[in-house]
Amino acid sequence: MKGSTGFFIHAKDLRFRNLLFFLCLPLAASAAPPDAPSVIVIRNATILTVSHGNIEHGSILIKDGKIAEVGQSVSAPKDAQVIDAAGQFVIPGIIDCHSHIAAESINEGSVSVSSMVNMAEILNPEDIDIYRDLAGGVTSANILHGSANAIGGQTLVIKLRWGQPAAKLPFEGALPGIKFALGENPKRSNFSVPGQPRRYPATRMGVEETIRGAFSEARDYKKAWDEYNKRIGAGEKNLIAPRHDLRLEPLVEVLEGKRYVHSHCYREDEILMLLRVAKEFGFRVRTFQHVLEGYKVADELAAAGVGASTFSDWWAYKVEAYDAIPYNAALMTQRGVIVSINSDDAEEATHLNQEAAKSMKYGGLSHDEALKMVTLNPAMQLGIDKRVGTIDVGKDADLAIYNRDPLSAYAVVQKTLIDGRIYFDLQRDIAERAEREKEKKALIDKFKKAAEKKPEEKKPDAASQKPGEKKPEEKKPEVKKPEEKPKPPQSGGTDAGSAVTLGGAL
Amino acid sequence: MSAVCFTALSALSCATPPVQAQGGEPQYFAIRGAKVVPVSGPPMENATIVVSRGLITALGKDVAIPPEAWVVEGKGLTVYPGLIDSFTDVGLPTAPPASGEGGPRRPQEGAHGPEDRPYSTPWRSGADEASLSDKRIETWRSGGFTTVVSSPKGGIFQGQAAVLNLAGERAGDLVVKSPVAIPVTFQTSGGFGGGFPSSIMGTLAYIHQVWLDTEWSVKAQATYEKNPRSVARPRYDRTEAALAEALEDHALILIPANNSIQLRRALELVDRWSVKGATYAIYGGQMGYEVASEIAAKKLPVLVNLKWPEAEKDADPEDKPSLRMLRFRDRAPSSPAALAKAGVKFAFYSGGITAPKDILKAVKKSIDVGLAPDTALRALTLSAAEIFGVSDRLGSVENGKIANLVVTDGDLFEEKTKIKMVFVDGRRFEIREPEKPKEPPKGDITGKWKLSYSTPDGGPEESTADLTMEKDGTISGTITSHRGTASIISGYLSVDKFSFTINIPIEGSPADVIFSGTFDGTSLKGTIRVQDFSLEFTGVKPTNATRAAAAYGGAR
């Protein structure tokens, strides 16, 4: 920790949320997962299916967590739980293709290749951001390692099943991923600590070399195991097996197409570089993340079949982000790239609907195309579009219900369902607040009373310290980190509907 | 009368053998007519325990007391098995070992990956580092803890834990069994140039890799030994070698997990690691009330940290605790009861509590919210012994077990109850609540005093009192006659009135000898009382102090 005082921490790269977590467990709005009635019917809603147009005054029948029927009328059994959504809008649950919530740590930035670490092992199901993002209509998120190294940790897609233990969060059957990062972050140009040795690499050339080096090792590693297995198969004795290498095994999975590569990037040159390296080693890049200069190489991206997951209008927070334009998402879409809008930020994730809407203003995408940016497109990018991303029979009942058109800035989520369970309900949340405050006060009073009873028993020692953990005072003080990308001034109450007409004018 | 007088004085001035009041007695005792709570069976009223050479050799109502045994009258006393602190570093010196002995605990330069074995010293051993110099040995023992499971602290693989008994003449006497556990922690470098691992996921990945490497090295080494001429020699690695050896000794792998997230993660780690032949236990366990049934399903024992979460004293008043945290503080002490109900085997550890009296108070909190006192006692004794594989020798009052006993004047968990004595390996230790001076002392009684008195048969005798006085007047020190030395168990100076007590065997039974009187600033005058007998004494400081003062004066 030495030399760290006053060091400027960039949120996206060095998230020490885990420390905050250890210091104070987040408020769990409700500890027990909500009950799931086996049959639910949503009635009288405007249904934006994303796949096959909009249905006015429509109904959705949910059976055992799956969408059983969608249409003007559905055959709901009498005992079905009814959600009356008169005047409300139902969309497929929002999918955030770049998230860092629900994790106790984000970066293993000490090494250039940290593929041995796995976000799946440090999920924090009590992170309040899960609940907040649910309240923004998000139902699935791609939980990524940070961008501190050229090859980062293993990643996974989760469903925001608030109240369930960590083991219940992973999106069943979704292919795992791995985070790569190009450019300034992995070369640590903004992150050197005075007095500490610089970590390799220090240039973009070095970033490329790091990736090539790691995949060369992975190729050799695979070869060593193949050879060993062959010789064992041939009945050879007295062989020493290769060591298992947890750093190289995920890279072998990438080579074998069993793990997606999600690569952080900004500039066109580094985007093309990774495409070349991938081609050389015979693996595919699944998505480029941020990809702010993607519009410059949209054809190459489309030709390589790589998804692009970008921001609506965040840029210029560092040199490599200067060439960004708000038309990026629209331009790439128009050249045939599958594009999603992501959050990379717990707060941003609470209004991804608005972020998607901006692509109507900047670039003139259609309402449906805009909505796809946060539903079907990220589902395709994450390989989960058979399960989620649209409102179709047979898909998971992951739905967000808004009081208005979800692409309106005035839209507020009323309910969020995952697997047919209501995980967020605005009315229930409001109703439970008083009770929670009451319980809180009762507990505080109880502790106060106990303390007054025997004041001599007060101990100076810190209490809730966990074994093996550092003392709180040894920790980095947990300050709200300045975001890497400063937020633009809030555009206030711009209705996305009117933005369509304004789009061409700006 | 005169016979008693004579005995008392001979005990004081020419006792045989040399008396070291605590721990220096012969190793034959009988506690007669006490209530015995064996833990392994139902309590017995009016029972007798015979202790010989460190072991319990007889137990029951009509047990013959061997002639050589020193008899402790047990009327009104209750005898429990010695308590066990299941995870601590009591008995180990707090300072890190000199460099070269234990190896660097933090890499000089940040580690570049798992292969650099960051924060790993699994070869360190609680047994090797046990030392009588640790003051907490006496503190813990006085609190009824006769046994600890101690491990060197610091690092991800910090070392191997040993079961230590808290008394002995040499450090080696402490060790009951070693190794019994391999504790791991999820320490990180903290980032910022500290090297690998800088995150908890890095630490986990590192530990996964170390277990894989350890298994690999065992196999590779065996293959090499069989075929040194055809197989390339595997590299020696101290971490792998130490862990492989400890696992062969059936050491438990201890996983840290306190809240529900960590507890569930620990359950998954057990599956993930599946180290060949390994057994596991969790330490922490304070949110066990949420996860008890899942832990039970995995049949994992839990060491429960008794340092219950509470508000930090100097917490920022603006920093409002979350409801979840408040619930945790409220419910943590209910975890043991929840674990018991779910059928989880658990034991307790002090977890940072510094006064052993507070350890029992913390247990009492759990009893107050539903933990059966029997279960609580078992967790402090037999369950702990079972978890660490020493229940064949420790954890209950049974014939043949090590004579680790706690003797109280009432129920162990009652606040008023006092621990009267403790036996460790059959050595007896009197426990005294130090008498506190009522008022501040006048002057300082510290120094070597020559005490003079006459024996009943008229002969003059002398003893030396080597006294140390604290600022508040508390006196400690030793009394030495020409035959032996006894430690002061309790003493004080209040204004000019002093009192200090030693305990020595008289006619085969321990008895208090109380020195009390007046201190006028330069000399002592008072009474020595033993049982019903008393005699006068005076005390002066050897004149060298006076002489030195005079010399100084002359020089001026």
Side-chain angles (χ1 to χ4, degrees), chain A residues 1-4 7 14 16 18 24-28 104-111 114 116-119 121-122 124-126 153 165-167 193 195-197 238-241 243-244 246-247 436 439-440 443-444 446-447 457-470 475-476, chain B residues 109-110 112-114 185-187 189-202 204-205 208-209 212-213 216 219-220 223-224 226-227 230-232 234 256 258-262 264-265 268 283-284 305 307-313 321-330 351-352:
Chain A
M1 302 298 287
K2 47 191 159 168
S4 62
F7 177 65
L14 290 155
F16 283 81
N18 55 320
C24 98
L25 291 165
L27 171 83
E104 270 184 49
S105 61
I106 303 299
N107 271 301
E108 177 54 56
S110 62
V111 287
S114 67
M116 72 289 268
V117 310
N118 192 343
M119 302 302 289
E121 293 183 357
I122 48 89
N124 172 10
E126 291 173 8
V193 180
Q196 294 291 348
N238 302 329
L239 292 180
I240 293 181
R243 269 178 198 262
H244 280 285
L246 297 179
R247 190 179 62 117
R436 275 201 293 277
E439 185 187 346
K440 220 169 150 174
L443 285 171
I444 289 171
K446 184 179 169 183
F447 297 142
E457 276 182 35
K458 276 190 183 169
K459 309 272 156 28
D461 321 55
S464 57
Q465 205 161 305
K466 280 138 212 103
E469 198 187 323
K470 288 182 177 185
K475 288 176 184 166
K476 195 88 192 92
Chain B
E109 203 180 302
H112 298 294
T185 74
F186 298 151
Q187 183 185 330
S189 71
F192 301 99
F196 177 86
S198 65
S199 65
I200 180 171
M201 57 187 168
L204 291 174
H208 302 334
Q209 185 68 58
L212 286 173
D213 287 351
W216 178 88
K219 278 189 204 154
T223 307
Y224 173 70
K226 268 193 266 165
N227 315 279
S230 63
V231 172
N258 207 39
N259 66 33
S260 55
I261 300 171
Q262 295 161 341
R264 292 193 171 106
R265 184 180 297 147
E268 289 190 358
Y283 68 96
N305 184 348
K307 182 111 176 86
W308 303 123
E310 53 186 30
E312 282 180 40
K313 200 189 167 201
S322 66
L323 178 55
R324 178 121 178 97
M325 178 48 98
L326 292 171
R327 282 176 178 164
F328 179 40
R329 286 177 195 159
D330 187 42

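Lettering of chains follows the sequences in order, A, B, ..., and the numbering in each one begins at 1. Any value given below was found using the heavy atoms of this structure, including those in side chains, with hydrogens, waters and symmetry copies removed.
- Options A:Ala167, A:Pro125, A:Ala166 differ in how many heavy-atom pairs under 4.5 Å they form with chain B, and the most are formed by A:Pro125.
- For chain A, the nearby parts of B:Leu326 are the backbone and the side chain; heavy atoms of each come within less than 4.5 Å.
- Chosen from B:Gly113, B:Gly351, B:Gly202, the residue pairing most often with chain A at heavy-atom distances under 4.5 Å is B:Gly202.
- Interface remark: A:Asn238 contributes backbone and side-chain atoms alike to the contact with chain B (heavy atom separation under 4.5 Å).
- When all heavy atoms of B:Phe196 and A:Ser110 are compared, the closest pair comes out as CA-OG, 3.2 Å.
- The residue among A:Val111, A:Ile240, A:Ile444 with the most heavy atom pairs within less than 4.5 Å of chain B is A:Ile240.
- Interface residue A:Leu443: only side-chain heavy atoms are found under 4.5 Å from chain B.
- A distance-only check finds no donor-acceptor pair linking the side chain of A:Glu439 to the backbone of B:Leu323 [under 3.5 Å].
- Only the side chain of B:Ser260 comes within less than 4.5 Å of a heavy atom in chain A; its backbone stays farther off.
- Rounding to the nearest 0.5 angstrom, the gap separating the CG atom in A:Leu246 from the CG atom in B:Leu204 is 11.5 Å.
- Interface residue B:His208: backbone and side-chain heavy atoms are both found under 4.5 Å from chain A.
- Contact tally against chain B (heavy-atom pairs below 4.5 Å) for A:Lys446, A:Arg247, A:Met119: the top residue is A:Lys446.
- A:Glu121 contributes no side-chain N or O that, together with a main-chain N or O of B:Met201, makes up a donor-acceptor pair within less than 3.5 Å.
- The two atoms that bring B:Ser198 and A:Gly109 nearest to each other are OG-N, 3.5 Å, heavy atoms only.
- Contact of B:Asp213 with chain A is made through backbone and side chain together, with heavy-atom distances under 4.5 Å.
- Among all heavy-atom pairs drawn from B:Arg264 and A:Pro165, the shortest one is CD-CB, 3.5 Å.
- In this structure, CD1 in A:Ile122 is found 10.5 Å from CD1 in B:Ile261, a value given to the nearest 0.5 Å.
- Proximity of B:Gln209 to A:Met116: side-chain heavy atoms (C-beta onward) are nowhere separated by under 4.5 Å.
- Atoms NZ and CG, on B:Lys219 and A:Leu239 in that order, are 13.0 Å from each other to the nearest 0.5 Å.
- Taken to the nearest 0.5 Å, the NZ atom of A:Lys440 stands 13.5 Å off from the CZ atom of B:Arg324.
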